[in-house]
Amino acid sequence: MNENARPAGDAQPGNGDRCRVAAGTHKGKSGTVEDLNTSKTGALTLTVRQEDGTRFKTLARNVVVERRHPSDG
């Protein structure tokens with residue numbers, strides 16, 4: 001894990017954050033966080049858009065935030 005990466009548990013991912021999926025079905029994929037949602041069971045889910053425009057949904061607990069959005073400081 002590079003020094004700019006943080007597990008989602010330490011910093012909740014936000015719209016525009018660059019992230020990498022570290023576990024689950026989409027492990028190894030990366031992209032930009034687009035849509036955060038809390039499911040009926042309380043799990044935080046998000047949509048990741050890859051560089052080629054492909055989108056997929058995953059659980060936030062499977063995501064590592066690599067770089068915060070510039071407006072977040």
Do K57 and D35 come close enough that some side-chain heavy atom pair is under 4.5 Å?
yes
About how many Å separate OG1 of T58 and NZ of K29, when rounded to the nearest 0.5 Å?
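Taking NZ in K29 and OG1 in T58, the distance rounds to 9.5 Å.
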Can you tell me how far apart CD (E66) and CG (D17) are? Round to the nearest 0.5 Å.
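Atom-to-atom, E66:CD and D17:CG are 10.5 Å apart.
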Considering all heavy atoms of both residues, which atom of [X] and which atom of [Y] are nearest to each other, and what is their separation?
X   : Y   : result
A23 : N62 : O-CB, 3.3 Å
G14 : L36 : CA-CD1, 4.0 Å
S30 : R18 : OG-NH2, 3.4 Å
C19 : V63 : CB-CG1, 3.3 Å

Residue list, salt bridge (Lys or Arg N to Asp or Glu O under 4.0 Å) with R55, at least two apart or on another chain
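Once residues adjacent in sequence are excluded, R55 has no partner under the salt bridge (Lys or Arg N to Asp or Glu O under 4.0 Å) criterion.
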Sort out for me which residue in T47, T25, L46, V21 forms a side chain to side chain contact (heavy atoms under 4.5 Å, CB included) with F56.
V21
